[in-house]
Enquirer: 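Got a structure for you, written out below as structure tokens; questions coming shortly.
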There are 4 protein chains.
Amino acid sequence: MCPLGLILNRLDKLFKVESRLVLSFIEQTRRTQIVNAAIEVLAEEGYARTSLARIATHAGISKGVITYHFKSKDELFAEVFRQVVEDAGLYIMPHIKTAGSPRERLSTYITLQIRYMAEHRSALLAIGQLAYNHGGDGAGADYISAATQDELGLLEQILAEGQATGEFRPFDCRIMALTVSKAIEAALTDWAWNPNLNLLAYGDEIVALFDHGLQAVSPAGAR
Amino acid sequence: MCPLGLILNRLDKLFKVESRLVLSFIEQTRRTQIVNAAIEVLAEEGYARTSLARIATHAGISKGVITYHFKSKDELFAEVFRQVVEDAGLYIMPHIKTAGSPRERLSTYITLQIRYMAEHRSALLAIGQLAYNHGGDGAGADYISAATQDELGLLEQILAEGQATGEFRPFDCRIMALTVSKAIEAALTDWAWNPNLNLLAYGDEIVALFDHGLQAVSPAGAR
Amino acid sequence: MCPLGLILNRLDKLFKVESRLVLSFIEQTRRTQIVNAAIEVLAEEGYARTSLARIATHAGISKGVITYHFKSKDELFAEVFRQVVEDAGLYIMPHIKTAGSPRERLSTYITLQIRYMAEHRSALLAIGQLAYNHGGDGAGADYISAATQDELGLLEQILAEGQATGEFRPFDCRIMALTVSKAIEAALTDWAWNPNLNLLAYGDEIVALFDHGLQAVSPAGAR
Amino acid sequence: MCPLGLILNRLDKLFKVESRLVLSFIEQTRRTQIVNAAIEVLAEEGYARTSLARIATHAGISKGVITYHFKSKDELFAEVFRQVVEDAGLYIMPHIKTAGSPRERLSTYITLQIRYMAEHRSALLAIGQLAYNHGGDGAGADYISAATQDELGLLEQILAEGQATGEFRPFDCRIMALTVSKAIEAALTDWAWNPNLNLLAYGDEIVALFDHGLQAVSPAGAR
DNA sequence: GATGAATGAGATTTCATTCAT
DNA sequence: CATGAATGAAATCTCATTCAT
């Protein structure tokens with residue numbers, strides 16, 4: 001499974017999407033309705049049990065509507081992916097750029113991701129299902145891998161800047177970026193199993209973990 | 001998805017297994033062959049694409065052989081689970097118990113898990129698929145949840161002991177146990193996408209992360 | 001095998017039917033077509049050889065059409081049962097209620113059942129197959145047993161009234177009701193094996209048998 | 001379903017049996033063991049659920065033993081049929097021939113059949129399953145029909161003699177023979193559904209029914 | 001004689017997709 | 001635009017039968 005939090009942009013290439021540039025309003029509405037139904041079914045039933053019939057029933061429409069608006073199940077799933085990722089990006093990105101020091105920016109990044117998760121449980125569980133189960137396709141796998149490599153850049157950049165400023169100790173930025181990303185994602189998957197989990201407390205612990213774990217050893221070396 | 005590294009014992013209850021106490025040699029051989037084929041298909045194709053037909057083809061046998069040796073697909077998956085978990089337990093447990101301080105024991109635990117992963121990539125990807133996709137069943141979900149709660153105890157105990165001895169700083173042991181477990185698992189899932197990943201280096205970074213991130217702040221507080 | 005002639009009402013409970021209240025005309029047409037095909041295959045081939053594939057072939061449609069219109073084979077069989085029983089009830093019931101003395105009513109009952117059989121050979125053979133072979137299921141068996149007990153009441157009542165009026169000699173009403181019911185059913189099963197059987201003559205003999213066999217011994221006792 | 005009580009002799013032709021004239025003792029023992037297991041499974045599980053595997057399990061032997069001793073499942077079923085019918089014939093025939101008047105002989109016939117049923121419930125339920133479910137074969141159907149026609153002769157003869165002696169009233173002997181036969185069989189099938197049924201009382205009612213129902217109307221005609 | 005192993009046909013069922021209306 | 005109808009592929013599972021040991 002690729003780091004969910006980092007799949008942000010090139011995901012439209014993951015599935016073979018033929019984007020129609022102009023969509024009527026009613027078309028857009030229907031698509032959104034179907035996408036939302038798909039998200040809920042994916043989150044509740046899991047990938048294997050998410051059939052077009054179930055999505056249609058959940059949306060209160062007929063099965064034919066789906067294949068009318070989406071050429072295939074894959075295209076629908078691609079749209080789910082795209083929509084969730086775009087939305088998450090819009091939520092998180094603005095705050096990221098305004099933060100201050102690398103250490104603060106890292107904390108902000110983690111906190112925002114967690115908060116977004118708390119507010120969009122189904123959407124994130126849904127793309128989790130897609131990411132986890134769409135791997136075998138070959139093309140898909142390559143793409144997700146590429147996307148991951150690509151998008152990890154943001155975290156890597158924060159970490160590298162922190163090392164440059166001396167805030168962070170030495171470590172492999174790429175690996176640590178992966179670890180940060182995965183620690184965040186872990187909160188979601190645990191939360192999926194255990195809905196009583198205090199997600200925000202979980203986030204605080206992750207923030208603290210990396211705050212302590214990445215900081216430069218004090219020059220005075222009192223340790 | 002439950003923390004893979006922690007599913008160690010009660011997994012035999014996850015699926016309803018009727019263990020025949022005595023199996024002939026040839027029977028055992030075939031079962032192992034089929035289990036291994038299932039592991040490889042799960043790892044390569046993913047849960048959704050792992051049909052009995054594909055497993056049979058992969059093993060070079062007819063479809064009927066599988067249902068002859070396993071009462072159902074579920075029983076086969078249960079055996080996959082059981083076999084991998086048993087093997088992992090035999091590999092890791094002996095070393096865990098002999099370690100010294102909590103800090104050292106934590107490092108050992110992480111290192112061993114990572115090393116085991118490096119040597120059993122397919123097997124761990126396979127049970128990852130099973131754990132992730134078998135959840136919706138209700139009973140399965142409950143069990144995995146229970147198993148997780150149960151098995152996290154080992155990590156929690158190490159962490160709590162470390163806090164008692166003053167080696168570790170204050171934190172929520174349960175959440176941190178989850179985070180450790182997930183960070184380990186993350187190495188595997190990233191490796192699945194990016195086979196060129198240096199898993200052992202990844203492990204070292206995780207060890208370092210928690211080594212730094214959990215340690216008690218020096219009383220002199222030079223920071 | 002339960003007495004076919006007596007399974008009249010509560011049969012909708014035998015199988016778990018989810019009745020959709022409103023069915024489109026084309027839907028109803030297809031369902032009827034499939035039900036009729038099922039009846040013919042059941043009557044000609046027997047329960048064990050009645051597969052969905054055979055029914056589809058007999059109806060000249062693809063296998064998928066059946067599972068599109070019926071959720072399962074059981075639901076199809078339930079509909080077969082329901083349709084035949086409903087039809088038989090509509091045919092027989094009106095005449096039953098208008099008859100006069102118990103002796104006459106018994107004769108009418110027998111005659112009507114036989115006449116209905118003569119005109120609906122396949123349908124009755126079909127539900128005979130269903131009744132005979134659906135018993136092992138537990139729930140089904142219990143229900144048929146219950147239905148039998150329940151519906152035998154009509155015959156029992158006629159017989160008891162005949163004893164009360166002095167038309168009939170003493171006998172165990174329940175057992176005799178069973179025997180009447182079975183004698184009627186017997187005509188059908190024999191007819192199934194021997195299509196040249198004169199079913200109506202058979203019916204007349206049954207009527208005569210019970211007419212003579214149940215009548216009160218004349219008080220003058222000239223016998 | 002053919003009249004069970006009358007299928008007595010030519011049943012070996014129903015299924016295609018290749019009789020080996022000489023069977024070793026051990027061979028005979030095994031065949032009997034398997035046949036008995038088949039009878040019990042047929043009676044308890046029904047035709048559709050009677051697989052070779054289940055029979056083998058019930059007999060405590062391996063599946064291969066069955067196909068070693070019987071060329072096919074059909075041959076096994078033929079043997080079941082043959083064995084039960086032969087046994088029933090040996091039980092009933094001696095008593096039939098020694099009886100007195102046609103009226104007495106009819107009563108004896110009915111009583112013996114019922115008594116035999118009471119003592120061989122499983123065996124008769126088993127061949128009931130076979131007779132009812134083997135009909136579609138064509139050849140089988142013809143044969144059973146022929147066998148029925150053939151064996152009904154015994155009853156027909158008793159009835160005809162009764163008419164000749166003036167004991168019985170006029171009726172169609174063939175049809176009445178069928179009805180007698182079916183009334184007896186009915187007791188069995190009801191008993192199968194309702195094990196609490198008092199089979200012997202049932203038999204007495206049948207005897208009384210035909211005793212009253214067939215007797216010649218008294219010349220004094222007091223009715 | 002006996003048995004476990006293996007196979008392939010066939011059963012029910014689910015489902016993505018196409019099509020006519 | 002929308003939908004119900006239809007289809008055929010594929011999945012799991014059962015089972016009679018064949019075969020090597």
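Just so we're on the same page: letters track the sequence lines, and every chain starts at 1. Just so it is clear, the model here is predicted, and its values are computed rather than measured.
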Enquirer: For the pair made of CD1 in A/Ile66 and C1' in E/dT18, what is the distance, rounded to whole Å?
Expert: 15 Å

Enquirer: Start at the 5' end of DNA chain E and walk down; is the nucleotide closest to C/Ser72 or to B/Gly64 reached first?
Expert: B/Gly64

Enquirer: Could you tell me if the side chain of A/Val84 sits less than 4.5 Å from the side chain of A/Ile39, heavy atoms only?
Expert: yes

Enquirer: Should the pair D/Tyr132 and C/Tyr132 be assigned to parallel (<30°), tilted (30 to 60°) or perpendicular (>60°) ring geometry?
Expert: parallel

Enquirer: Near DNA chain E, which residues from residues 53-63 of chain A have a heavy atom under 4.0 Å away?
Expert: A/Arg54, A/Lys63

Enquirer: For the CZ atom of A/Phe77 and the OG1 atom of A/Thr50, what is their distance to the nearest 0.5 Å?
Expert: 5.5 Å

Enquirer: Look at the side-chain N and O atoms of B/Ser51 and state whether any lies under 4.0 Å from the OP1 or OP2 oxygen of F/dA11.
Expert: yes

Enquirer: Check every strand shown and say whether D/Leu52 touches a base, only sugar-phosphate, or nothing at a heavy-atom separation below 4.0 Å.
Expert: base

Enquirer: How many angstroms lie between CD1 in D/Ile66 and CZ in D/Arg31, if you round to the nearest 0.5 Å?
Expert: 12.0 Å

Enquirer: Rounded off to whole Å, could you give me the CZ-to-P distance for the B/Phe70 and F/dA11 pair?
Expert: 19 Å

Enquirer: CG/A/Leu52 to OG/A/Ser72 distance, rounded to the nearest 0.5 angstrom?
Expert: 9.0 Å

Enquirer: Starting at NZ of D/Lys71 and ending at C1' of F/dT17, how long is that distance when rounded to a whole Å?
Expert: 13 Å

Enquirer: What is the distance from atom CD1 of A/Ile127 to atom CZ of A/Arg82, rounded to the nearest 0.5 Å?
Expert: 12.5 Å

Enquirer: Nearest to the side chain of D/Thr67, which nucleotide is it out of F/dT17, E/dA5, E/dT17?
Expert: F/dT17

Enquirer: With rounding to the nearest 0.5 angstrom, report the CD to CD distance, D/Gln28 to D/Gln33.
Expert: 12.5 Å

Enquirer: Whether A/Tyr68 contacts F/dC1 is assessed here as follows: a side-chain N or O lying under 4.0 Å from the phosphate OP1 or OP2. Is that the case?
Expert: no

Enquirer: Pairing of DNA chain F as dot-bracket, 5' to 3': ( ) intra-strand, [ ] crossing, | other strand, . unpaired, with Watson-Crick or G-U pairs under 3.5 Å?
Expert: .||||||||||||||||||||

Enquirer: When you match C/Arg30 and D/Lys73 each to their closest nucleotide on DNA chain F, which lands nearer the 5' end?
Expert: C/Arg30

Enquirer: Show me the donor-acceptor pairs, under 3.5 Å and distance only, between side chains in residues 53-62 of chain C and residues at least two apart or in other chains.
Expert:
from, atom 1, to, atom 2, distance (Å)
C/Arg54, NE, C/Arg49, O, 2.5
C/Thr57, OG1, C/Ala53, O, 3.0
C/His58, NE2, C/Glu40, OE1, 2.6
C/Ser62, OG, C/Gly64, N, 3.2

Enquirer: Can you find a side chain N or O atom of D/His69 that sits less than 4.0 Å from OP1 or OP2 on E/dA2?
Expert: yes

Enquirer: What distance separates D/Lys73 NZ from D/Thr67 OG1, expressed to the nearest 0.5 Å?
Expert: 12.5 Å

